[in-house]
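To start, the structure itself, in structure tokens.
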Amino acid sequence: MPKLIFVNLPVADLPKSIAFYEALGAVKNEQFTDHTAACMVFSETIHAMLLTHEKFRQFTPKAIADAKSTSEVLICLSADSRDEVDTTLAKATAAGGKADPGPQQDYGFMYGRSFEDPDGHIWEVMWMDLAAAQQAMSGETVA
């Protein structure tokens, strides 16, 4: 069985956050969703757990970071193409997210952009041509 990742994110407005991630293409897993939390599935191995602040506090004694003013984590999702990167950013923006809070990255063999969700959590979306990246790292000329 492959390892799974569950990213736990505190959210101020659970229904709004669910709608945002559904607009990006994540699917809500009803089995792990109630009025305090929602499990949003990006793939068989990637899940985002959206937790109300009250629920999130049950798992940590630390203060919840205000992601709109403090960086607590950068989450990166892979994309199959440059177009998918741009399409994902367009979906995020249309759903109320903020596009490109950080600089765009374009190295030819690697292309990435980022967005903020309604709570300020930053997600990067990155495409990479692995063969060209390996050539670039080995010092070979990339065609």
Side-chain angles (χ1 to χ4, degrees), residues 1-33 36-60 62-143:
M1 179 174 166
K3 295 280 186 194
L4 307 179
I5 186 168
F6 291 84
V7 177
N8 295 280
L9 299 173
V11 300
D13 184 330
L14 185 59
K16 180 179 179 179
S17 293
I18 291 169
F20 178 82
Y21 285 101
E22 286 178 329
L24 292 178
V27 176
K28 183 172 56 171
N29 180 335
E30 294 291 348
Q31 184 178 1
F32 300 107
T33 298
T36 66
C39 178
M40 305 305 294
V41 180
F42 284 92
S43 73
E44 291 181 16
T45 57
I46 302 170
H47 306 76
M49 292 298 301
L50 308 177
L51 307 169
T52 62
H53 284 216
E54 181 178 305
K55 183 72 166 186
F56 193 88
R57 284 187 190 100
Q58 294 176 10
F59 299 101
T60 181
K62 294 182 178 183
I64 295 173
D66 177 358
K68 292 182 179 181
S69 64
T70 303
S71 291
E72 86 279 49
V73 66
L74 294 174
I75 306 161
C76 185
L77 294 173
S78 64
D80 291 330
S81 68
R82 293 174 69 95
D83 287 340
E84 184 180 349
V85 171
D86 292 333
T87 298
T88 301
L89 265 285
K91 289 178 183 177
T93 303
K98 178 182 173 188
D100 299 312
Q104 294 184 28
Q105 301 173 45
D106 191 349
Y107 303 104
F109 63 88
M110 185 170 74
Y111 176 68
R113 297 179 64 191
S114 59
F115 65 86
E116 283 186 20
D117 73 5
D119 289 279
H121 304 292
I122 297 176
W123 289 75
E124 295 178 319
V125 185
M126 185 73 64
W127 165 82
M128 186 181 332
D129 178 335
L130 291 176
Q134 289 172 345
Q135 287 177 341
M137 294 177 87
S138 69
E140 296 177 34
T141 304
V142 178

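Note that the coordinates shown come from a computational prediction; the quantities given were computed from them, not determined experimentally. Along the sequence shown, residues are numbered consecutively beginning with 1.
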Next item on the list: Return each pair, listed once, that meets salt bridge (charged side-chain N to carboxylate O under 4.0 Å, His left out) where at least one residue sits in residues 13-31; pairs must be two or more places apart or across chains.
Entry: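 Qualifying pairs, neighbours excluded: Lys28-Glu30.
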Notebook entry, point to check: Which pairs pass salt bridge (charged side-chain N to carboxylate O under 4.0 Å, His left out) with one or both residues in residues 87-97, sequence neighbours excluded?
Noted result: none
Cut-off 3.5 Å, no hydrogens considered: what does the side-chain donor-acceptor table look like for residues 109-116, sequence neighbours left out?
unit_1: Tyr111; atom_1: OH; unit_2: Asp86; atom_2: OD1; d: 2.6
unit_1: Tyr111; atom_1: OH; unit_2: Asp86; atom_2: OD2; d: 3.4
unit_1: Arg113; atom_1: NE; unit_2: Asp100; atom_2: OD1; d: 3.1
unit_1: Arg113; atom_1: NE; unit_2: Asp100; atom_2: OD2; d: 3.3
unit_1: Arg113; atom_1: NH1; unit_2: Asp86; atom_2: OD1; d: 2.9
unit_1: Arg113; atom_1: NH2; unit_2: Asp100; atom_2: OD2; d: 2.6

Taking all atoms of both residues into account, what is the closest heavy-atom pair of [X] and [Y], and its distance?
X	Y	result
Met49	Ala37	CE-CB, 4.5 Å
Glu72	Ala67	OE2-CB, 3.6 Å
Thr33	Ala38	OG1-CA, 3.5 Å
Lys68	Gly120	CG-CA, 3.9 Å
Asp119	Ala12	OD1-N, 2.9 Å
His47	Val41	CD2-CG2, 3.5 Å

Notebook entry, point to check: Is the backbone N or O of Met40 less than 3.5 Å from a side-chain atom of Asn29, with the two atoms forming a donor-acceptor pair by type?
Noted result: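 No; judged by distance alone, with no hydrogens or angles, the pair does not exist.
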Note to self: Contact between His121 and Pro10 at the side-chain level, heavy atoms closer than 4.5 Å - yes or no?
What the structure shows: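 Touching, per the 4.5 Å side-chain cut-off.
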Notebook entry, point to check: Side chains of Ile18 and Leu50: does their closest heavy-atom pair fall under 4.5 Å?
Noted result: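 The answer is yes; the side chains approach within 4.5 Å.
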Next item on the list: Count the heavy atoms of every other residue, nucleotide or ligand shown that sit under 6.0 Å from CD of Gln58, and state whether that count exceeds 12.
Entry: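 For Gln58, atom CD is crowded (more than 12 foreign heavy atoms under 6.0 Å).
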Margin query: Once ring pair (Phe, Tyr, Trp, His ring centres under 6.0 Å) is applied, do any residues pair with Phe42, and if so which ones, sequence neighbours excluded?
Written below: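 With neighbours one apart ignored, the set is Trp123.
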Notebook entry, point to check: Under the ring pair (Phe, Tyr, Trp, His ring centres under 6.0 Å) test, which residues partner Tyr107, sequence neighbours left out?
Noted result: none
Note to self: Taking side-chain contact (heavy atoms from CB on, under 4.5 Å) as the definition, give me every residue that meets it alongside Thr60, ordered by chain and number, with sequence neighbours left out.
What the structure shows: Phe56, Lys62
Note to self: For a side-chain contact (heavy atoms from CB on, under 4.5 Å) check, start with the C-alpha distance between Leu14 and Leu51, then their side-chain angles and the critical distance, and finish with the verdict.
What the structure shows: CA-CA 7 Å; Leu14 185 59; Leu51 307 169; over 6 Å; no
Next item on the list: Please assess Ile64 against Arg57 for the test side-chain contact (heavy atoms from CB on, under 4.5 Å), listing each intermediate value before the final yes or no.
Entry: CA-CA 8 Å; Ile64 295 173; Arg57 284 187 190 100; 3.9 Å; yes
Checklist line | Verdict with supporting geometry, Asp117 and Lys98, salt bridge (charged side-chain N to carboxylate O under 4.0 Å, His left out) | finding: CA-CA 7 Å; Asp117 73 5; Lys98 178 182 173 188; over 6 Å; no
Item checked: Distance, nearest 0.5 Å, that separates CZ of Arg82 from CG of Asp129 ->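 Here the rounded value is 10.5 Å.
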